[in-house]
Amino acid sequence: MTANRTRHRHRTFDLKRAFDLFGGAALLVLLSPLLGAAALSLSLAQEGPVLRRRTMAGLRGRPFTMLTLRTRSPLAALPLLLHVVRGQMSLVGPCPLSPGHPECTGEARRRLSVRPGLTGPWQITDRSDLPWEERELLDLHYVDHHWLGMDLAVLARTLPAVRRRRLRRASARPARLA
């Protein structure tokens with residue numbers, strides 16, 4: 001790799017990390033009342049821990065303990081903002097995987113050259129039923145071609161994609177009789 005390209009990658013990396021740090025901290029502050037309310041609600045509604053812990057592969061394959069709320073709602077991902085601020089995750093990146101996952105070995109190991117993300121290219125597609133191979137290709141394309149503009153585009157499309165998925169799921173459920 002040439003010296004100019006190396007400098008460009010480092011500059012992009014520093015800008016991306018600054019964006020993640022600022023954006024993650026701002027979202028964490030903004031959403032902390034919701035996170036607190038969700039955690040309190042879960043602790044009152046169920047026995048056991050409020051947080052689910054899973055070991056995931058981070059940047060360069062370094063394992064970290066990923067925390068999510070023990071709920072099947074979009075609120076489950078709120079604690080992931082802590083990982084963004086700590087530098088273990090990014091706002092946008094490949095899907096986080098466990099260290100033993102096949103995509104963390106061999107040719108696909110290059111996905112570990114960036115931090116895993118809260119959202120990414122495959123999460124914003126309209127096809128939540130993408131085969132794993134297509135998800136992998138989207139993640140690897142992101143790894144090879146990411147830049148701040150792409151991150152902004154993915155972030156802008158994330159909430160509309162989540163809303164569309166929720167509406168599809170709601171319309172697919174049979175109506176309950178009152």
Side-chain angles (χ1 to χ4, degrees), residues 13 16-17 19-125 127-143 146 151 154-155 157-159 161-163 165-166 169:
F13 176 78
K16 180 174 176 55
R17 179 66 191 124
F19 179 75
D20 285 341
L21 185 58
F22 177 77
L27 286 169
L28 194 56
V29 168
L30 183 69
L31 298 172
S32 62
L34 186 59
L35 177 60
L40 178 63
S41 173
L42 285 170
S43 69
L44 295 174
Q46 65 185 22
E47 286 190 30
V50 170
L51 294 173
R52 177 177 293 128
R53 299 170 188 275
R54 295 186 341 196
T55 300
M56 304 306 268
L59 183 63
R60 291 187 275 290
R62 279 189 225 119
F64 71 97
T65 302
M66 187 172 81
L67 303 173
T68 56
L69 291 175
R70 293 182 64 87
T71 179
R72 300 182 120 203
S73 75
L75 299 177
L78 288 177
L80 296 179
L81 290 168
L82 294 168
H83 299 296
V84 172
V85 171
R86 291 183 69 193
Q88 297 165 318
M89 291 184 73
S90 180
L91 292 173
V92 179
C95 177
L97 299 173
S98 63
H101 195 281
E103 296 305 312
C104 292
T105 60
E107 168 65 21
R109 183 169 174 78
R110 74 179 192 267
R111 74 178 300 132
L112 300 176
S113 66
V114 298
R115 289 176 176 85
L118 298 180
T119 187
W122 72 264
Q123 289 96 327
I124 63 171
T125 64
R127 297 178 48 212
S128 59
D129 61 339
L130 276 178
W132 180 255
E133 295 79 23
E134 287 185 45
R135 292 180 185 191
E136 174 191 352
L137 287 174
L138 287 170
D139 277 349
L140 291 176
H141 181 270
Y142 175 83
V143 168
H146 73 280
D151 284 7
V154 169
L155 287 170
R157 293 178 55 195
T158 296
L159 285 178
V162 169
R163 277 192 224 117
R165 261 194 305 270
R166 290 184 82 201
R169 265 191 245 133

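Predicted model only: the values in this text are computed from it and were never measured.
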For this session: Indicate yes or no: at least one non-hydrogen side-chain atom of Thr55 is less than 4.5 angstrom from one of Phe64.
Result: no
Exercise. Looking at residues at least two apart in the chain, or sitting in another chain, which of them share a salt bridge (charged side-chain N to carboxylate O under 4.0 Å, His left out) with Arg110?
Worked result: Glu107, Asp144
For this session: Heavy atoms only: give me the nearest Arg52-Arg70 pair and the separation to one decimal.
Result: N-CG, 3.7 Å
For this session: Output the distance between atom CZ (Arg60) and atom CZ (Arg109), rounded to the nearest 0.5 Å.
Result: 11.0 Å
Exercise. With a 4.5 Å heavy-atom cut-off, do Leu42 and Thr71 have their side chains touching?
Worked result: yes
Seminar exercise, completed: Nearest heavy-atom contact between Ala38 and Leu75 is CB-CD1, 4.1 Å
Seminar exercise, completed: d(Thr125 OG1, Arg157 CZ) to nearest 0.5 Å is 8.5 Å
For this session: Quick one: closest heavy-atom pair of Pro94 and Arg111, and the distance?
Result: CB-NH2, 3.2 Å
Problem set entry | CA sep, side-chain torsions, deciding dist, call: Thr68, Leu51, side chain to side chain contact (heavy atoms under 4.5 Å, CB included) | CA-CA 6 Å; Thr68 56; Leu51 294 173; over 6 Å; no
For this session: Enter the distance from Leu27:CG to Leu78:CG here, rounded to the nearest 0.5 Å.
Result: 9.5 Å
For this session: Identify the two heavy atoms, one from Cys104 and one from Ala57, that lie closest to each other, and give their separation to 0.1 Å.
Result: SG-CB, 4.0 Å
Exercise. Less than 6.0 Å separating the ring centroids of His101 and Trp132?
Worked result: yes
Exercise. Between Asp20 and Ser90, which heavy-atom pair has the shortest distance, and what is it?
Worked result: OD2-OG, 2.5 Å
Exercise. Taking the side chain from Gln123 and the backbone from Gly120, do they hold a donor-acceptor pair closer than 3.5 Å?
Worked result: yes
For this session: Please check if the side chain of Thr158 supplies one atom and the backbone of Val154 the other of a donor-acceptor pair under 3.5 Å.
Result: yes
Exercise. Looking at Leu30 and Pro33, what are the two nearest heavy atoms and their distance?
Worked result: O-CD, 3.6 Å
Problem set entry | Residue list, ring-ring contact (aromatic ring centres under 6.0 Å, His included) with Phe19, at least two apart or on another chain | none
Exercise. Judged by atom type as modelled, is there a donor-acceptor pair below 3.5 Å linking the side chain of His83 to the main-chain atoms of Leu80?
Worked result: no
Exercise. Are the side chains of Leu67 and Arg53 in touch, meaning some heavy atoms are under 4.5 Å apart?
Worked result: yes
Problem set entry | Derivation and outcome, side chain to side chain contact (heavy atoms under 4.5 Å, CB included), residues Val92 and Tyr142 | CA-CA 9 Å; Val92 179; Tyr142 175 83; 3.7 Å; yes
For this session: Hey, could you give me the OG1/CG distance between Thr105 and Leu112, rounded to the nearest 0.5 Å?
Result: 9.5 Å
For this session: Applying side chain to side chain contact (heavy atoms under 4.5 Å, CB included), run through Glu103 and Leu97 and close with a yes or a no.
Result: CA-CA 8 Å; Glu103 296 305 312; Leu97 299 173; 3.4 Å; yes
Exercise. Is there a side-chain contact between His146 and His141 (heavy atoms, below 4.5 Å)?
Worked result: no
Seminar exercise, completed: The reported gap from CZ in Arg17 to CG in Leu59 (rounded to nearest 0.5 angstrom) is 10.5 Å
Exercise. About how many Å separate CE of Met56 and SG of Cys95, when rounded to the nearest 0.5 Å?
Worked result: 6.5 Å
Exercise. For Leu118 and Met89, what are the C-alpha separation, side-chain angles and deciding distance, and is it a side chain to side chain contact (heavy atoms under 4.5 Å, CB included)?
Worked result: CA-CA 7 Å; Leu118 298 180; Met89 291 184 73; 4.1 Å; yes
